[in-house]
Amino acid sequence: MNNEESKNEVISRDFIRTIIDEDLKEGKNSGKVHTRFPPEPNGYLHIGHAKSILLNYGISQEYGGKFNLRFDDTNPEKEETEYVDSIMEDVKWLGVDWEDRLFFASDYFDQLYAWAINLIEKGLAYVCDLNPAEMREYRGIPTEPGKLSPFRSRSVKENLELFEKMKNGEFPDGAKTLRAMIDMTSPNMNLRDPALYRIKRAHHHRTGDKWCIYPMYDFAHGQSDSIECITHSICTLEFENHRPLYNWFIEHIDNMPSKPRQIEFARLNLDYTVMSKRKLLQLVQENHVNGWDDPRMPTISGLRRRGYTSLSLKNFVEKTGVAKRNGITEVTLLEDSIRKDLNSHAQRVMGVVNPVKVIITNYPEDLVEELEAVNNPEDETMGKRKVPFSKELYIEKEDFQEVPHKKFHRLSPGKEVRLRYAYIVMCTGLVKDDNGEIAEIHCEYDPETKSGLSNSGKKVKGTIHWVSAKHAIDAEVRLYDRLFIDSDPSGNKEKELSELLNPKSLEVLENCKLEPFLKNAKSGDKFQFERRGYFNVDLDSTEDNLIFNRTVSLKDSWAKFNKK
RNA sequence: AGCCUCAUGGUGUAAUGGUAACACACCUCCCUUUGGAGGAGGUAUUUCAGGUUCGAAUCCUGGUGAGGCUGCCA
């Protein structure tokens, strides 16, 4: 083996996999790796969750371990079955298989209750009557220690009775909490006697009205991990300060099934995007978008509807890496991942989004030629198709300039251009309507230049796409652009979210003309409209009313040049 | 302010005491019946100050900057 080869063998490992490698080397968890994804069913999953899901699942697969899906449903007020369903659908769509390991934190409510009693018996938890305002006051601030709750000295017996009465519904909502007895002077606020249980008469999506007390996240999460024998509990940075508490429960509750290890990494952020569930919910509720799966949303369902594939998301997420540094990834990286995927897989097709009519004046009136077109130049096995050509065509408005820019090499008066898969045509005239708008472009074609003909060697600068007018099918096309004009909408503290919206994030074009090949396109089908971009057939598309969503445009150096 | 965490091109991540690299973005050029794809090249990086060392992005000390924590949310 030479030097170069040995260098290539050094696979770069992120810090989480490095930790797992070390744990394995030390013989921890008897060599097992078991991860989980713990969503709260209070909203739809977004691409940041996709990163976490794929990270956790990917690790479980790489190490020959297992992966659980567990709903963190400890706050019934915000949680709904609708979200449970959408989350499962999205996780599955990402290609992630939890096999028979679908769990709910609410499955563990009885066990959690028993463990709370265990802590009370050990003198490590107490029932507290402080109201929220008082509790806040007693907690103190980070720079100053808090004060001991006056209820901290209740006897074990009294605490046991009170806690039982809490469970039995003998106190009104919010009247009491069960708290851990840790350290009111800790610089880590999470350790200042955190609440374990609160009284809340809310209907739970799974346990119904069985409980009127519910465990807090901190009291449920680590223990749930332990019950499921999770070895590495991967979460985001904001839980760093919770880790001592996470470990405290594992250490102080008797006979915990296993000792999971919490590891935190930086969540994914994208520029021109908001990623918090609260803000996403706000966009939905204030109707700035059409629901959670609006193609402008960074939700998994939105991205799917937009036309992203799960493979492209997986590739993207891997490219963003895993680290502890907070940063903002550019959306161009996401766009690159879908272009790469679709470039090699998507069926090519011609579609005119902003049509203007072209008449080939020297072309026979009733002749229709079936021209051969390549389905995907990147993949010969995708074959070829026939495209009808006739005297009247539609081309893209922007492919014609009456007074052309010197670097514009498309159609303009007196100039020649190649019609993709067809002939070279020259523009010979124009017809304008009463408003001065171009109604018809007149061209003459050169029969010798038919595509594929041996003597069609004439060179022209540009090639444009077209659709035969009498064969064209109508469709609606939705052009999407970034939802926000601010590259960091969440970081903008001066303006409301609604003031940062891009007014042109959605452009609906009703009168688009597509080649007949697309007649039977089904929702979810993906195409490249040559020279325009990648398009996904929308969820609401029907045979009579075809709707295409633009996933992403093609890279366009002409458009870029024009901007300058 | 106290505690925790982080700091490498424009962006995101590598380099695990030994030549600072990869991807995206940006810019040139070539090629092209998609101004796509592809190819060739280019601009640009270790937060600062000390220290340890033959050698520091990496280890130590201090500074600076950024993020997190002060819910009976997760």
Find the runs of at least 3 consecutive base pairs, i with j, i+1 with j-1 and so on, that include RNA chain B, using Watson-Crick or G-U wobble geometry with both distances under 3.5 Å. B:2-7 with B:64-69, B:10-13 with B:21-24, B:26-30 with B:38-42, B:47-51 with B:59-63

Would you say A/R198 reaches B/G71's phosphate, i.e. side-chain N/O to OP1/OP2 under 4.0 Å? no

Whole angstroms only, please: what is the CG-C1' distance between A/N188 and B/U70? 11 Å

When rounded to whole Å, the OH to P distance for the pair A/Y421 and B/U32 reads 17 Å

Could you run through nucleotides 34-45 of chain B and give me one letter per nucleotide, 5' to 3': B if any protein heavy atom sits under 4.0 Å from the base, S if only the sugar-phosphate is that close, - if neither? BBBS--------

Residue whose closest nucleotide on RNA chain B lies nearer the 5' end, A/T18 versus A/H242: A/T18

Under 4.0 Å from OP1 or OP2 of B/C4: is there any side-chain N or O of A/K324 that close? no

Name the closest nucleotide to the A/L333 side chain, picking from B/C69, B/A23, B/C73. B/A23

B/U16 OP1/OP2 closer than 4.0 Å to side-chain N/O of A/R13: no

When the C1' atoms of B/G10 and B/C26 are considered, how many whole Å apart are they? 8 Å

C1' atoms of B/A37 and B/C30, separation to the nearest Å: 14 Å

Nucleotide nearest A/M216 when distance is taken to its side chain, options B/A7, B/C72, B/C69: B/C72

Would you kindly give the CD-to-P distance between A/E264 and B/A74, to the nearest whole Å? 18 Å

So, under a plain 3.5 Å distance rule, would you say the side chain of A/E330 forms a donor-acceptor pair with the base of B/G10? yes

Counting only side-chain nitrogens and oxygens, does A/R192 get under 4.0 Å of the OP1 or OP2 atom of B/C69? no

Euclidean distance, atom CG of residue A/L55 to atom P of B/U13 [Å, nearest integer]: 13 Å

Whole-Å distance, A/I395 CD1 to B/U33 C1', equals 16 Å

Between atom CZ in A/F265 and atom C1' in B/G68, what is the gap in whole Å? 16 Å

Please tabulate, one pair per line, all N/O donor-acceptor pairs under 3.5 Å involving side-chain atoms of residues 140-149 of chain A, not counting sequence neighbours.
unit_1 : atom_1 : unit_2 : atom_2 : d
A/K147 : NZ     : A/E137 : OE2    : 3.3
A/S149 : OG     : A/F151 : N      : 3.1

Length of the line joining A/R136:CZ and B/C73:C1', which is rounded to integer Å: 14 Å

Mind telling me if B/G71 is syn or anti? Syn here is a glycosidic angle within 90° of 0. syn

